[in-house]
Q: 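My structure is below; once you've seen it, I'll send some questions.
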Amino acid sequence: MASNNHTDSNGRPVTFNQNQCQIHLGPFENPVRLQCRHIFCRGCIEEWRRESLCCPFDRKPSQSLTPVAESRPPDLTENDWLIAWQLEQLEHENYSQSNGNNGLAASHSRNLTAPGEDRMAQIKEQWTQLEEHLRKIKERRAQMEEHKEQIKEQWAQLEEHLRKKKERRAQMEKHHRAQIEKHRAQIEKHRAQIEKHRAQMEKHRAQSGKHRAQIIEHMLQISEHQKQRKEHRDQLLKSNSVFYGQLLGN
């Protein structure tokens with residue numbers, strides 16, 4: 001967008017947009033040019049001039065209104081001719097700002113009443129260069145859009161890959177969790193069986209101790225009985241000895 005910087009009456013910088021009327025801030029309608037070479041819509045500037053004859057932008061006095069379309073060559077459209085005037089205005093202002101001499105600037109302004117054939121050739125060349133630049137920008141934009149679509153596709157693929165990876169991880173975690181729970185249940189079952197076997201072994205151990213005590217008691221009883229039998233036999237032998245002795249004595 002073509003623009004140029006100025007300062008207002010208070011010295012603050014303002015920007016003049018060459019692509020639209022600076023009064024109603026819209027596209028030009030029946031554009032006219034002031035003596036300061038700023039362009040406005042005829043209806044907008046005529047309504048403005050009822051209050052002031054100065055330019056609405058740079059506040060310079062301006063007595064005349066020149067229709068932009070009056071000097072338009074037949075081979076240019078109104079829009080192209082308006083752009084040519086805008087380019088001419090930019091060149092004039094850049095010349096004035098870089099020269100710094102009011103007399104030379106005024107002389108240059110008077111020499112730029114309308115673009116000549118050489119100037120129109122330059123404007124056409126600049127317009128061609130601008131169109132080429134815009135074409136390259138459009139190509140670059142198309143490439144960027146294509147690249148953006150590729151990035152979107154790759155991003156979608158990456159998100160799909162991550163989604164599948166998360167699903168696989170969830171399935172693996174679910175499977176591992178089920179296996180762990182199964183092993184835990186088996187361990188608990190084996191532990192219960194071990195506790196049962198341990199209780200049975202303690203019971204058998206208690207029974208074995210009881211049987212051992214009974215066997216020892218029986219062995220003591222047998223020993224006592226054998227002792228009693230020996231004593232009884234000794235008494236019998238003693239009795240027999242006494243008896244046979246008495247018989248032999250008689």
Side-chain angles (χ1 to χ4, degrees), residues 1-5 10 12-20 25-27 129-250:
M1 174 169 44
S3 62
N4 196 15
N5 295 331
N10 296 324
R12 292 174 298 184
V14 294
T15 301
F16 186 85
N17 190 341
Q18 299 283 356
N19 294 330
Q20 62 183 8
L25 300 178
Q129 293 176 356
L130 179 61
E131 288 182 337
E132 179 66 18
H133 180 64
L134 291 176
R135 184 186 64 80
K136 291 181 179 179
I137 291 177
K138 289 181 179 179
E139 290 180 355
R140 181 59 178 169
R141 182 177 297 174
Q143 293 175 357
M144 292 176 63
E145 291 294 332
E146 183 179 357
H147 183 60
K148 186 187 296 183
E149 293 298 326
Q150 292 177 355
I151 292 176
K152 287 182 179 179
E153 183 178 357
Q154 292 175 359
W155 183 259
Q157 293 176 356
L158 179 60
E159 287 183 339
E160 180 67 15
H161 176 69
L162 291 176
R163 184 186 64 80
K164 291 181 178 179
K165 187 175 181 180
K166 288 181 180 179
E167 289 181 355
R168 287 196 299 268
R169 181 179 296 175
Q171 292 176 356
M172 291 176 64
E173 289 180 353
K174 183 178 179 181
H175 177 71
H176 291 165
R177 193 177 294 117
Q179 292 292 329
I180 291 172
E181 293 296 331
K182 183 178 179 181
H183 293 165
R184 185 177 296 171
Q186 291 177 352
I187 291 172
E188 293 295 332
K189 183 178 179 180
H190 292 164
R191 184 179 297 171
Q193 292 176 352
I194 290 172
E195 292 295 331
K196 183 178 180 180
H197 293 164
R198 183 178 297 171
Q200 291 177 353
M201 288 177 65
E202 292 294 333
K203 183 178 180 180
H204 292 163
R205 185 179 297 171
Q207 291 177 353
S208 297
K210 184 178 180 181
H211 291 163
R212 185 180 299 167
Q214 291 176 353
I215 290 170
I216 292 173
E217 184 180 358
H218 290 163
M219 289 178 67
L220 291 174
Q221 290 176 356
I222 291 171
S223 177
E224 184 67 25
H225 182 65
Q226 288 178 350
K227 182 178 180 181
Q228 290 176 359
R229 284 182 63 185
K230 183 178 180 182
E231 290 178 354
H232 182 66
R233 187 175 58 188
D234 291 340
Q235 289 177 0
L236 286 175
L237 289 175
K238 185 177 181 181
S239 298
N240 288 335
S241 176
V242 172
F243 176 72
Y244 286 117
Q246 290 178 357
L247 287 176
L248 292 176
N250 294 327

Q: Considering residues at least two apart in sequence or located in another chain, which fulfil the side-chain contact (heavy atoms from CB on, under 4.5 Å) criterion with Q171?
A: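 Here no residue qualifies.
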Q: Using salt bridge (charged side-chain N to carboxylate O under 4.0 Å, His left out) as the criterion, list what pairs up with K148, not counting sequence neighbours.
A: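 E145.
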Q: Which pairs count as salt bridge (charged side-chain N to carboxylate O under 4.0 Å, His left out) when at least one residue sits in residues 130-141, sequence neighbours excluded?
A: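 Applying salt bridge (charged side-chain N to carboxylate O under 4.0 Å, His left out) to every pair that reaches into residues 130-141, excluding sequence neighbours, yields E132-R135, R135-E139.
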Q: Say you draw a straight line from CG of L158 to CD1 of I151; how long is it, rounded to the nearest 0.5 Å?
A: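 Separation between the atoms: 12.5 Å.
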Q: Tell me the side chain to side chain donor-acceptor pair (under 3.5 Å) pairs involving residues 206-215, sequence neighbours left out?
A: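 Non-adjacent pairs meeting side chain to side chain donor-acceptor pair (under 3.5 Å): zero.
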Q: Say you draw a straight line from CD of Q129 to NE2 of H133; how long is it, rounded to the nearest 0.5 Å?
A: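 Here the rounded value is 11.0 Å.
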Q: What residues, two or more places apart in sequence or in another chain, satisfy salt bridge (charged side-chain N to carboxylate O under 4.0 Å, His left out) together with E149?
A: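 With neighbours one apart ignored, the set is empty.
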Q: Would you please name every residue forming a salt bridge (charged side-chain N to carboxylate O under 4.0 Å, His left out) with E167, sequence neighbours left out?
A: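 Expected list: R163.
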Q: Using the test side chain to side chain donor-acceptor pair (under 3.5 Å), find all partners of Q200 that sit at least two apart in sequence or belong to another chain.
A: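 Q200: no side chain to side chain donor-acceptor pair (under 3.5 Å) contacts found.
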Q: Is the closest side-chain heavy-atom distance between E153 and Q157 below 4.5 Å?
A: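 Yes. Closest side-chain heavy atoms under 4.5 Å.
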Q: I need the full list of salt bridge (charged side-chain N to carboxylate O under 4.0 Å, His left out) pairs touching residues 228-243, with sequence neighbours left out, sorted by first then second residue.
A: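 Qualifying pairs: none.
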Q: Go through the structure and list residues passing side-chain contact (heavy atoms from CB on, under 4.5 Å) with I222, not counting sequence neighbours.
A: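 For I222, the residues satisfying side-chain contact (heavy atoms from CB on, under 4.5 Å) (neighbours in sequence not counted) are Q226.
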Q: Going from NE2 on H204 to NE2 on H197, what distance comes out if it is rounded to the nearest 0.5 angstrom?
A: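 Going from NE2 on H204 over to NE2 on H197, the span is 10.5 Å.
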Q: How long is the span from the OG atom in S239 to the CD atom in Q235, to the nearest 0.5 Å?
A: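 So the gap between those two atoms works out to 7.0 Å.
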Q: Can you tell me how far CD of Q154 sits from CD of E159, rounded to the nearest 0.5 angstrom?
A: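 One finds 12.5 Å between CD of E159 and CD of Q154.
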Q: E181: which residues meet the salt bridge (charged side-chain N to carboxylate O under 4.0 Å, His left out) condition with it, sequence neighbours left out?
A: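 Partners of E181 under the salt bridge (charged side-chain N to carboxylate O under 4.0 Å, His left out) test: R184.
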Q: Between CD of Q221 and CD1 of I216, what distance do you get to the nearest 0.5 Å?
A: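 One finds 12.5 Å between CD of Q221 and CD1 of I216.
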Q: What pairs with Q150 under side-chain contact (heavy atoms from CB on, under 4.5 Å), at least two apart in sequence or on another chain?
A: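 For Q150 the side-chain contact (heavy atoms from CB on, under 4.5 Å) partners, ignoring immediate neighbours, are E146, H147.
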Q: Test of understanding: with side-chain contact (heavy atoms from CB on, under 4.5 Å), list the residues that count as partners of H175, not counting sequence neighbours.
A: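 With sequence neighbours excluded, H175 shows a side-chain contact (heavy atoms from CB on, under 4.5 Å) to Q179, given in chain and number order.
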